[in-house]
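Only one structure is covered here, and it is reproduced in the block below.
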2 protein chains.
Amino acid sequence: MTEPRKRDSAASKEALLDAARDLFAERGYDRTTVRDIARRAGVNQALLFRYFGSKEALFAAVVARSGRDQLARAPRELLVARMLRGLLDKDSHGDRAVQIMLRSSGEDSVAKEIHGQLGQDYIRALSALTGEPNAELRAHLVLAWIVGIDIVRSVAGSDPLAGADSDDVIACVLPAVRTLLEQVRDIPSETDA
Amino acid sequence: MTEPRKRDSAASKEALLDAARDLFAERGYDRTTVRDIARRAGVNQALLFRYFGSKEALFAAVVARSGRDQLARAPRELLVARMLRGLLDKDSHGDRAVQIMLRSSGEDSVAKEIHGQLGQDYIRALSALTGEPNAELRAHLVLAWIVGIDIVRSVAGSDPLAGADSDDVIACVLPAVRTLLEQVRDIPSETDA
DNA sequence: TCACGTTGTAAGCGCATGCTTACAACTTCG
DNA sequence: CGAAGTTGTAAGCATGCGCTTACAACGTGA
């Protein structure tokens, strides 16, 4: 760094949040180091600790930010389709909150609490998509599927699911999801508008 | 260790494989340390490296052993139900190969290859459960769901899915899975026999 | 202008990880 | 019986991790 960075704490914080969001989503919590995050953000790693206090607190901030945005933006019955397209469409900056959150296979109770809170928001939203008595269980199962799709795609990078046309995946998944949450809908395509 | 262990390399290897199987399934690859494995196996960690060469090679051995057992044992149409019950029923020593395999969110190409091979065996088995042209895609989606269920259960440890009665989960999941793989069946209960 | 608070940096701490080394004790075979 | 190979062990290496410390430079307000 021959040129010292201009001082702008808000920009530094934003850069760290963006970098962390992307890296946590790509690699999961454990395999994302604070050095990686700082490097991608273009800041010194000490700033991460100054502004967020710890790696874990940064994680919580990322999850909270990502999830809040999506839940505010999506009509409920489109939520599943948005989450799926968010992970299937490479360019899309769709909903990554769920995979970011659950991709960290942390077992500690603090992380669990963090996940739990936002998770509850998603579960509440999904539970409202069915009139069945075991709505919460169904919501969890649907959430689990979305998470699983993300993980299987990344691990088995060269098979049909990784390279799948998102419409093909949606065509398989949504009818199945509807056996659980009957109000789920796909996003209207442009030609429908 | 006041009493030196009796020399038995086969028993030591077996103990390491069992310990690793359990810990990888519980914690995932990254959060399982070689010291943890050795401790649970009741051996010195140097033996792990002597007998398996590396943590990664041990992982490969565990995955290969677990998966092979299950695929040999299960009639195809019961495979999904067995995998689900394997993770839902706490006492069961059911099929953990898939979650062990995919729970490690490793991105390196060696791990990917390892996963890929056994994964292909599962995919082949699952693909044969439908006559649809995109059978492989469907198989991957089902596998993804199983993985996702395991992960969501462990992360969100106190909600309906974690404490769920396995019959309730199966009752929700199997009909949905059948929209993808029509030949899937549940395990006959004892009273049916 | 100057003092103080804020922001950015490089270096390093303490600890944990996968793995290695050196040694002792045992077991087997000629 | 003794040599060689095998098995088990404790200790430690090299590296990387989250996090801290100390300093410099800047920006703001009195």
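Residue numbers begin at 1 in each chain, while the letters A, B, ... track the order of the sequences.
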Could you tell me the separation between the CG atom of B/Leu16 and the P atom of C/dG18, rounded to a whole number of Å? 14 Å

Separation of atom CG in B/Leu23 from atom P in C/dT17, rounded to whole Å: 13 Å

Separation of C/dC19 P from B/Ile37 CD1 (nearest whole Å): 10 Å

A/Phe59 side chain near A/Thr32 side chain, heavy-atom distance below 4.5 Å: no

Side-chain touch B/Asp167/B/Arg85, heavy atoms, less than 4.5 angstrom: yes

When the axes are fitted on five pairs at both termini, how much does the helix from C/dT1-D/dA30 to C/dG30-D/dC1 curve, in 10° steps? 10°

Listed by chain and number, what are the side chain to side chain contact (heavy atoms under 4.5 Å, CB included) partners of B/Ala41, not counting sequence neighbours? B/Ala15, B/Leu16, B/Ala19, B/Val43

Whole angstrom value for the distance that separates C1' of D/dA24 from CZ of A/Arg50: 12 Å

May I ask you to test the A/His140-B/Ile149 pair for a side-chain heavy-atom distance under 4.5 Å? no

With a 4.5 Å limit on heavy-atom distance, are the side chains of A/Thr179 and B/Arg178 in contact? no

Touch check for A/Phe52, heavy atoms < 4.0 angstrom, all strands: base, sugar-phosphate only, or nothing? nothing

Where do A/Lys55 and A/Tyr29 come nearest, in terms of heavy atoms and distance? NZ-O, 3.0 Å

Is any side-chain heavy atom of B/Val34 closer than 4.5 Å to one of B/Gln45? yes

Report yes if the side chains of A/Leu79 and A/Met83 come closer than 4.5 Å at any heavy-atom pair, otherwise no. yes

Spatial distance of atom CG (B/Asp22) from atom CG (B/Asp18) [nearest 0.5 Å]: 6.5 Å

Using whole Å, report how far CZ of B/Arg39 lies from C1' of C/dA16. 12 Å

How long is the line joining OH of B/Tyr51 and P of C/dC19, in whole Å? 17 Å

Measure CG/A/Leu47 against P/D/dA24 and give the value in whole Å, please. 18 Å

Any side-chain N or O of B/Asn44 less than 4.0 Å from the OP1 or OP2 oxygen of D/dG8? no

Filtered N/O pairs between nucleotides 17-19 of chain D and protein, under 3.5 Å:
residue : atom : partner : partner atom : Å
D/dG18  : OP1  : A/Lys55 : NZ           : 2.9
D/dG18  : OP2  : A/Val34 : N            : 2.9
D/dG18  : N7   : A/Arg35 : NH1          : 2.9
D/dG18  : O6   : A/Arg35 : NH2          : 3.0
D/dC19  : OP2  : A/Lys55 : N            : 2.8
D/dC19  : N4   : A/Gln45 : NE2          : 2.3

Using side-chain heavy atoms (C-beta onward) and a distance below 4.5 Å, is B/Leu84 in contact with B/Leu174? yes

List in numerical order all residues of residues 6-13 of chain A for which some heavy atom is under 4.0 Å away from an atom belonging to DNA chain D. A/Arg7

Can you list everything that forms a side chain to side chain contact (heavy atoms under 4.5 Å, CB included) with A/Thr33? Sequence neighbours excluded, please. A/Arg35, A/Asp36

Report each atom pair, protein N/O against N/O of nucleotides 28-30 of chain C, whose distance is under 3.5 angstrom.
none

Note: B/Arg65-B/Glu14 ion pair, threshold 4.0 Å (strictly below): yes

Enter the distance from A/Trp145:CH2 to B/Trp145:CH2 here, rounded to the nearest 0.5 Å. 5.0 Å

Have A/Glu182 and A/Thr130 got a donor and an acceptor in their side chains that come within less than 3.5 Å? yes

